[in-house]
Amino acid sequence: MSVIRCDVLVIGAGAAGLMCAMTAGRRGRLVQVIDHANKVGKKILMSGGGRCNFTNTGTTAANFLSANPHFCKSALARYTPWHFIEMVERHGIAYHEKELGQLFCDISSKQIVKMLVDECQAAGVHIRTDCGVQKVERGADGFHVHTAQGHFHAASLVVATGGLSIPSMGATGFGYELARQFGHEVLPTRAGLVPLTLSGKHQERFNDLSGVALPITARCNEVEFRNSMLITHRGISGPAILQISSFWQPGDELRLDLLPGQDALEWLRRMKAERGAAELRTVLSEVLPRRLALRLCEHWLPDRLVRQIDEPQLRQAAELLQNFPLVASGTEGYRTAEVTLGGVDTRKVSSSTFESQLVPGLHFIGEVLDVTGWLGGYNFQWAWACGHAAGSVA
């Protein structure tokens, strides 16, 4: 096997890895990127329904979950969404804001991957796919990495292998194994930004409502998100549920406001005064999807004329509509999760260089770290920021 020598070897050709590689390459560093997958940027390609929600203009450290919440501040402050937007505009990629600062490509996520690859090539970076890592060793002269395409020797090694989410895209726990090999602790991992599953009575009562969508506010563990919810044949999904899933664990209480932005009791009292001869299911169908309104009146709410509902019952109905207790049994798991919560403990990683405090020359970036963003472009901005930070020094 031939020996391929370089200054920086990046394992993982995803968002963080490519950003790191181009940044290091621009500094004149000889950079190699290897990935076991058959193409680069697979998760970029599938993101945002194929249009890649590549950043969020409102990104702050408050949009991330980590056992070490201050860790992400430095990198995010040094490489902002506007830095990435400048590169997108320089490459002539048309984009639009969908909602809440979320920026998407007008045409295709392929444009973002092409931009990153073009930038890497311009910086002299070599990218190899179908290049699985067999063994990593560290010697006095740097890192020795044995792969299916030869033996690499590098002064700096950057681990940008991602997490466990979407194994069909090639996700593995290799990065965590590598971290442990070099003495790093890996915090427990679980699926994040993932649909929740229902069981028992809730599953029975909602099962045939699959496809029903509505705006809600989801609350769990003193955190809340207002956005849309989609009922599925196995449970619930949609942006509000994906967001809250990162804060929910089995046994936690989950509450839904089915009339966000409204005072349910005030609305019910008005309906009683103005529409007393109508059935509750009728007036409820005007503010909720009809199938859901009917189901609520079958099992939880008074199924009668509005004028027949007394004040205590109105209060009970309002409480249910604004604080609906939904018992989730689990999640759809890594199969459909957009991100992995947990990962390499950041307390032994530099927040400015992303270099290991245990092994000089070893860097960890991206999803492999215990830093997870909200839904809406935050995880990509984290990838760009930490990739840029590591690439500036590796």
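Heads up: numbering here begins at 1 and tracks the sequence.
- Side chains of S356 and H184: a donor on one and an acceptor on the other come within 3.5 Å.
- In the hydrophobic clustering of ILVMFWY residues, with side-chain heavy atoms under 4.5 Å counting as a link, I241 and V327 come out apart.
- Nearest heavy-atom pair, S156 versus A394, reported as atom, atom and distance to 0.1 Å: OG-C, 3.8 Å.
- Scanning both residues, A213 and P289, for their nearest heavy atoms gives O-CG, 3.4 Å.
- Of the possible polar contacts, none joining the N221 side chain to the V223 backbone as a donor-acceptor pair under 3.5 Å is found.
- When V212, I216, T217 are each tested for a side chain to side chain contact (heavy atoms under 4.5 Å, CB included) with M229, only one passes: I216.
- Contact check on E279 versus R307 returns no salt bridge, with no Lys/Arg side-chain nitrogen under 4.0 Å from an Asp/Glu carboxylate oxygen.
- No donor-acceptor pair under 3.5 Å is formed between the side chain of T147 and the backbone N or O of C131.
- With 3.5 Å as the limit, one finds a donor-acceptor pair spanning the side chains of R78 and S74.
- Put simply, the side chain of N53 gets close to the backbone of G377: a donor and an acceptor are under 3.5 Å apart.
- The six-membered or imidazole ring of F364 lies away from that of F182, with a centre-to-centre distance of 6.0 Å or more.
- For H233, the NE2 atom is loosely surrounded, since the number of other residues' heavy atoms within 6.0 Å does not exceed 12.
- With hydrogens and angles ignored, the 3.5 Å screen pairs a side-chain donor or acceptor of E97 with a backbone N or O of G101.
- Put simply, the side chain of Q149 gets close to the backbone of T129: a donor and an acceptor are under 3.5 Å apart.
- The heavy-atom pair separating R205 from D208 by the smallest distance is O-OD1, 4.0 Å.
- I112 has its side chain within reach of I93: a pair of non-hydrogen atoms, C-beta onward, lies under 4.5 Å apart.
- The pair E224-R226 fails the salt-bridge criterion, with no side-chain N (NZ, NE, NH1 or NH2) lying under 4.0 Å from an Asp/Glu carboxylate O.
- Between I166 and E338, every side-chain heavy-atom pair lies at or beyond the 4.5 Å cut-off.
- For the residue pair Q121 / H126, no side-chain donor-acceptor distance below 3.5 Å is found, with atom types taken as modelled.
- In terms of heavy atoms, F380 sits closest to C52 at CE1-SG, 3.8 Å.
- A donor-acceptor pair under 3.5 Å is absent between the side-chain atoms of K272 and the main chain of W267, judged by distance alone.
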- side-chain contact (heavy atoms from CB on, under 4.5 Å) between V133 and I11, worked out: CA-CA 8 Å; V133 176; I11 305 178; 4.1 Å; yes
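- Looking only at side-chain heavy atoms (C-beta outward), L103 and T57 come within less than 4.5 Å of each other.
- The stretch residues 19-54 participates, sequence neighbours left out, in these ring pair (Phe, Tyr, Trp, His ring centres under 6.0 Å) pairs: F54-F84, F54-Y95.
- Other residues sharing the hydrophobic cluster of L242, ordered by chain and number and joined by side-chain separations under 4.5 Å: L193, V339, L375.
- A donor-acceptor distance shorter than 3.5 angstrom exists from the side chain of E355 to the backbone of G361, with no hydrogens or angles considered.
- Side-chain contact between V10 and I34 is absent, with no heavy-atom pair separated by less than 4.5 Å.
- Under 3.5 Å, the side chains of R304 and Q313 contain a donor-acceptor pair of N or O atoms.
- In this structure the side chain of M87 reaches within 4.5 angstrom of the side chain of M22, judged on heavy atoms.
- A distance-only check finds a donor-acceptor pair linking the side chain of D35 to the backbone of A13 [under 3.5 Å].
- Linking Ile, Leu, Val, Met, Phe, Trp and Tyr residues whenever their side-chain heavy atoms come within less than 4.5 Å places F64 and F71 in a single cluster.
- A single hydrophobic cluster is not seen to contain both L305 and L284; linkage of ILVMFWY side chains at heavy-atom distances under 4.5 Å, directly or through other members, places them apart.
- The existence of a salt bridge linking E119 and R26 is confirmed by a sub-4.0 Å separation between a basic side-chain nitrogen and an acidic carboxylate oxygen.
- With respect to R295 and E298, a salt bridge is recorded, a charged nitrogen being found less than 4.0 Å from a carboxylate O.
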- With salt bridge (charged side-chain N to carboxylate O under 4.0 Å, His left out) as the test, would you mind laying out the steps for R51 and D106 before giving the verdict? CA-CA 7 Å; R51 291 194 175 178; D106 283 359; over 6 Å; no
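- Residues F104 and H96 form a side-chain contact, since some pair of their non-hydrogen atoms from C-beta on lies under 4.5 Å apart.
- Of the N and O atoms on the side chains of N323 and D257, not one donor lies less than 3.5 Å from an acceptor on the other residue.
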- Task: Show your working on side-chain contact (heavy atoms from CB on, under 4.5 Å) between F324 and L296 and close with a plain yes or no.
- Result: CA-CA 10 Å; F324 189 84; L296 290 172; 3.9 Å; yes
- Message: Show, in sequence, the C-alpha distance, side-chain angles and deciding distance for E185 and K348, and conclude whether the salt bridge (charged side-chain N to carboxylate O under 4.0 Å, His left out) test is met.
- Response: CA-CA 8 Å; E185 183 179 351; K348 295 296 182 182; over 6 Å; no
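- Sequence neighbours left out, the pairs with a member in residues 204-232 that pass ring pair (Phe, Tyr, Trp, His ring centres under 6.0 Å) are F206-W300, F225-F247, F225-W374.
- Scanning both residues, I365 and G17, for their nearest heavy atoms gives CD1-N, 4.1 Å.
- Ring centroids of Y378 and W382 are separated by 6.0 Å or more, keeping the two rings apart.
- Salt bridge annotation for R315-E311: present, with a cationic side-chain nitrogen under 4.0 angstrom from a carboxylate oxygen.
- Here the side chains of L65 and D370 are not in contact, with every heavy-atom distance at 4.5 Å or above.
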- Tell me, with the steps shown, if T372 and T340 meet side-chain contact (heavy atoms from CB on, under 4.5 Å). CA-CA 7 Å; T372 306; T340 304; over 6 Å; no
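- Ion pairing between a basic and an acidic side chain is recognised when a charged N comes within 4.0 Å of a carboxylate O; D303 and R281 show such pairing.
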- Message: side-chain contact (heavy atoms from CB on, under 4.5 Å), that's the test. Do K135 and V145 meet it? Break it down for me.
- Response: CA-CA 6 Å; K135 185 168 65 170; V145 180; over 6 Å; no
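- Looking at T60 and N63, their side chains do bring a donor and an acceptor atom within 3.5 Å of each other.
- Both F174 and V368 belong to a single network of hydrophobic side chains, linked directly or stepwise wherever heavy atoms of I, L, V, M, F, W or Y lie under 4.5 Å apart.
- Taking the side chain as every heavy atom from C-beta outward, L230 and I236 never approach each other to under 4.5 Å.
- With Q111 contributing its side chain and S108 its backbone, the two residues share a donor-acceptor pair below 3.5 Å.
- Closest heavy-atom contact between C120 and I127: CB-CD1, 4.1 Å.
- By the criterion of side-chain heavy atoms lying less than 4.5 angstrom apart, applied directly or through intervening Ile, Leu, Val, Met, Phe, Trp or Tyr residues, I44 is not grouped with I107; the two fall into different hydrophobic clusters.
- R27 places a side-chain N or O within 3.5 Å of a backbone atom of S392 that can act as its donor or acceptor partner.
- For S329 and T197, the side-chain atoms include at least one donor-acceptor pair closer than 3.5 Å.
- When only modelled atom types and interatomic distance are considered, N68 and T346 share a side-chain donor-acceptor pair under 3.5 Å.
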- Message: Using salt bridge (charged side-chain N to carboxylate O under 4.0 Å, His left out), reason through E367 and K43 one step at a time and then give a plain yes or no.
- Response: CA-CA 12 Å; E367 194 181 347; K43 284 185 77 173; 3.1 Å; yes
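- Between the side chains of Q381 and T55, a donor-acceptor pair is found at a separation under 3.5 Å.
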